[in-house]
Amino acid sequence: MRWNPKSKPNPEKVNALQSALQVDEIIATLLVQRGIETFEQAKTFFRPTLADLHNPYLMKDMDKAVAHIETAISNNENILVFGDYDVDGTTAVSLVSSYLRSYYPNVATYIPDRYAEGYGISYTGIDYAEDNNISLIIALDCGIKSIDHVAYANEKNIDFIICDHHRPGPILPDAVAILDPKREDCSYPYDELCGCGVGFKLIQALAENRNQTIADLLGYLDLVATAIAADIVPITGENRVLAKFGLEVINTNPRPGIKALIQQVKKKVLTITDVVFVVAPRINAAGRIKHGNEAVALLTEYDWEQAEQFASEIEQHNSDRKELDKQITKEALLQIEENNEQTRFSTVVYQENWHKGVIGIVASRLVENYYRPTIVFTKSGEKLAASARSVKGFDIYNALEACAEHLEQFGGHMYAAGMTLLEHKYQDFKIAFEKEVSKTIRPDLLMPEISYDAEIELSVINPKLMRVLKQFEPFGPENMMPLFLAKDLTDSGYAKTLGSENEHLKAYIKQGHSTSFGAIGFGLGKKLDRVAHKKKFDAIFSLEENEWKDTVTLQLQLRDIQQSNG
């Protein structure tokens, strides 16, 4: 594991902020690293309010979208709310459809089948709209590049309103309105919204038009916070406000579907991380194993008993997903060993019966294991389909582009992609991809990296510091949980391993004559020898509160340890 310090911020800016806020230097340092340099910016960061949300009408085409929806309603037209099968798509569909249904009944929902229709707007979905006399489709989390699909709908006199957050191509679809803060000609002040976030701006504008206030929309923010967590968008600006207030809804009065999903969690207060690891995979599991419609049914259900029933079915899908993911990962690792491919620059594996819904997860697991660009193929109809995952700093999309002659189609971005190819071209592609990666990847990128915010002494850790750090939440991209480096540490003599396979490390750590702190290192059990017998070591860790029998103590969560140089 490579240890990499984040860049040190300008000391003058740190001093100025420290004196303006009257906080410790370490807090001022962390804030400036996050782009917060003034008292006002700090106030907005620590005390976000719903008043910080931007006027939705600042978004290009919002006036057109609202006017068209209101006209459709006054003409008693049928409206279809269409969205992708992942968490962002299903929460967005649940959000917009449930808001519209609160005052208008002729609203249907549509989630494309992951396997039969694939990602985004589908011709099948447009045909469904035609068959059901639907004249307006509101597309969420997709559609910005669906030029041919929108043209097909126009021929059938079906109008489109597109709400997307992906980067547009050179030509926009011929839709009634296109809401996308990443449009070149859109001057909306914040362009990092997720698809459900754009959907929220739409209902915010509709609500304003109906003399409702933001307070009337609070109950929808549990969906928005779930999408922000799952879609890994930056938790800055407007996303931070939406995530913070959405988490409050999740923790105090969530909709029955989300309450049913989280009732098995033994925590009093859920964080964004809990949403990422508890709520999001279950919503995703519906689309992976069965159909994304099940997620929408759960998230729009207001009857508690029915919501519990839906949640238990989704729980079963999630268990099936876990079993599949575990089994396929095992088979893939065995394939790598049998083919003697442990020392290659890339991983490319294939088995025709692997479940298409989990190959992306399996690719991520293989990256954890071998830490190199990875592609997992399975059979899909007449072709092979694959999910690709990369390592930090390596553009897997570029590598695929270099091998495009072997592929039928591919799409994605720097760190994740999907593709299809003809079965007889699999071996040639595998050779070409390995050759391309070996030629273009820097050797240091084949070793995992951990970045830390600052080096500190254990003596500065106290409850006051922890209280301020907790106010940095919710954590996420561009506002990650702070990680610290401390050097020349020793264990108090009680270090041991925990877990059925001794996979975790438990220790009581000191630095010189400092107070000792309890420390837990998940997955670090194999490094026990580095801390045993009072050897000196360095550690990267985050701070957390450990609650045990009604007593709260500060604990270090170890992310990695190395022997000290000193």
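Small disclaimer: the values here were computed from a predicted structure and weren't measured.
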Worksheet item: Can Glu313 and Gln309 be said to form a side-chain hydrogen bond (donor to acceptor under 3.5 Å, both in side chains), step by step?
Response: CA-CA 6 Å; Glu313 288 166 16; Gln309 176 61 36; 2.9 Å; yes

Worksheet item: Just wondering, are more than 12 heavy atoms of other shown residues or ligands nearer than 6.0 Å to NZ in Lys290?
Response: no

Worksheet item: For the atom pair CZ (Arg101) and CG (Asn106), what is the distance rounded to the nearest 0.5 Å?
Response: 10.5 Å

N/O donor-acceptor pairs under 3.5 Å from side chains in residues 188-199, not counting sequence neighbours:
{"from": "Tyr188", "atom 1": "OH", "to": "Lys201", "atom 2": "NZ", "distance (Å)": "3.1"}
{"from": "Tyr188", "atom 1": "OH", "to": "Glu238", "atom 2": "OE1", "distance (Å)": "2.7"}
{"from": "Tyr188", "atom 1": "OH", "to": "Glu238", "atom 2": "OE2", "distance (Å)": "3.0"}
{"from": "Tyr190", "atom 1": "OH", "to": "Pro234", "atom 2": "O", "distance (Å)": "3.4"}
{"from": "Tyr190", "atom 1": "OH", "to": "Thr236", "atom 2": "O", "distance (Å)": "2.9"}
{"from": "Tyr190", "atom 1": "OH", "to": "Thr236", "atom 2": "OG1", "distance (Å)": "2.8"}
{"from": "Tyr190", "atom 1": "OH", "to": "Asn239", "atom 2": "ND2", "distance (Å)": "3.2"}

Worksheet item: Hey, are the side chains of Cys142 and Phe82 touching, using non-hydrogen atoms and a 4.5 Å cut-off?
Response: yes

Worksheet item: Under 4.5 Å between any side-chain heavy atoms of Cys186 and Met59, yes or no?
Response: yes

Item to complete: Tell me yes or no: between the side chains of Gln212 and Tyr99, is some donor less than 3.5 Å from an acceptor?
Response: yes

Worksheet item: Just wondering, more than 12 heavy atoms not from Glu12 lying within 6.0 Å of its CD?
Response: no

Item to complete: Starting at CE of Met481, measure out to OG1 of Thr271 and round the result to the nearest 0.5 Å.
Response: 7.0 Å

Worksheet item: Roughly how far, to the nearest 0.5 Å, is CG of Leu50 from CD of Gln204?
Response: 9.0 Å

Practice prompt. Please assess Leu261 against Phe310 for the test side chain to side chain contact (heavy atoms under 4.5 Å, CB included), listing each intermediate value before the final yes or no.
Written response: CA-CA 9 Å; Leu261 285 181; Phe310 285 151; over 6 Å; no

Worksheet item: Would you find more than 12 non-hydrogen atoms of other residues, nucleotides or ligands less than 6.0 Å from Arg2 atom CZ?
Response: yes

Fill in: Test log, rule side-chain hydrogen bond (donor to acceptor under 3.5 Å, both in side chains), inputs Glu70 and Tyr104
CA-CA 10 Å; Glu70 294 297 1; Tyr104 182 65; over 6 Å; no

Worksheet item: Around Phe277, counting heavy atoms of other residues, nucleotides and ligands shown, do more than 12 lie under 6.0 Å from its CZ?
Response: no

Discussion item. Walk me through whether Leu100 and Ile69 qualify under side chain to side chain contact (heavy atoms under 4.5 Å, CB included).
Written reply: CA-CA 10 Å; Leu100 289 173; Ile69 290 168; 4.1 Å; yes

Practice prompt. Go through Asp61 and Lys64 one step at a time and tell me if the salt bridge (Lys or Arg N to Asp or Glu O under 4.0 Å) criterion holds.
Written response: CA-CA 5 Å; Asp61 280 4; Lys64 291 182 190 171; 3.4 Å; yes

Discussion item. Given Leu556, which partner from the list Ile461, Leu489, Asn546, Ile520 fulfils the side-chain contact (heavy atoms from CB on, under 4.5 Å) test?
Written reply: Ile461

Worksheet item: Crowded around Lys182 NZ? As in, over 12 foreign heavy atoms under 6.0 Å?
Response: yes

Practice prompt. Give the intermediate values and the outcome of side-chain hydrogen bond (donor to acceptor under 3.5 Å, both in side chains) for residues Gln18 and Glu25.
Written response: CA-CA 6 Å; Gln18 187 181 356; Glu25 184 188 349; 5.5 Å; no

Worksheet item: Side-chain contact, heavy-atom cut-off 4.5 Å: Ile283 with Val279?
Response: yes

Worksheet entry | Phe46 CZ: over 12 foreign heavy atoms closer than 6.0 Å | yes

Practice prompt. Would you give the length of the straight line joining atom OG of Ser94 to atom CG of Leu298, rounded to the nearest 0.5 angstrom?
Written response: 8.0 Å

Practice prompt. Check step by step if side-chain hydrogen bond (donor to acceptor under 3.5 Å, both in side chains) holds for Asp180 and His165.
Written response: CA-CA 5 Å; Asp180 187 336; His165 69 121; over 6 Å; no

Discussion item. If you define the side chain from C-beta out and look only at heavy atoms, does anything of Leu247 sit under 4.5 Å from Val275?
Written reply: yes

Worksheet item: Can you check side chain to side chain contact (heavy atoms under 4.5 Å, CB included) on Ile561 and Ile540, steps first, answer last?
Response: CA-CA 7 Å; Ile561 50 179; Ile540 292 178; over 6 Å; no

Worksheet, complete the sentence: So NZ of Lys244 and OG1 of Thr49: to nearest 0.5 Å the spacing works out to 10.5 Å

Worksheet, complete the sentence: Value for CZ (Phe484) from CG (Leu469), rounded to nearest 0.5 Å, stands at 5.0 Å

Discussion item. Distance alone, cut at 3.5 Å: any donor-acceptor contact between the side chains of Glu301 and Gln306?
Written reply: no

Item to complete: Determine, stepwise, if the pair Tyr57 / Met62 fulfils side chain to side chain contact (heavy atoms under 4.5 Å, CB included).
Response: CA-CA 5 Å; Tyr57 285 97; Met62 186 62 81; 4.0 Å; yes

Worksheet item: Tell me the salt bridge (Lys or Arg N to Asp or Glu O under 4.0 Å) pairs involving residues 31-48, sequence neighbours left out?
Response: Lys13-Glu37, Arg34-Asp453

Fill in: Six-ring centre of Phe45, Arg240 cation under 6.0 angstrom, axis tolerance 45°
yes

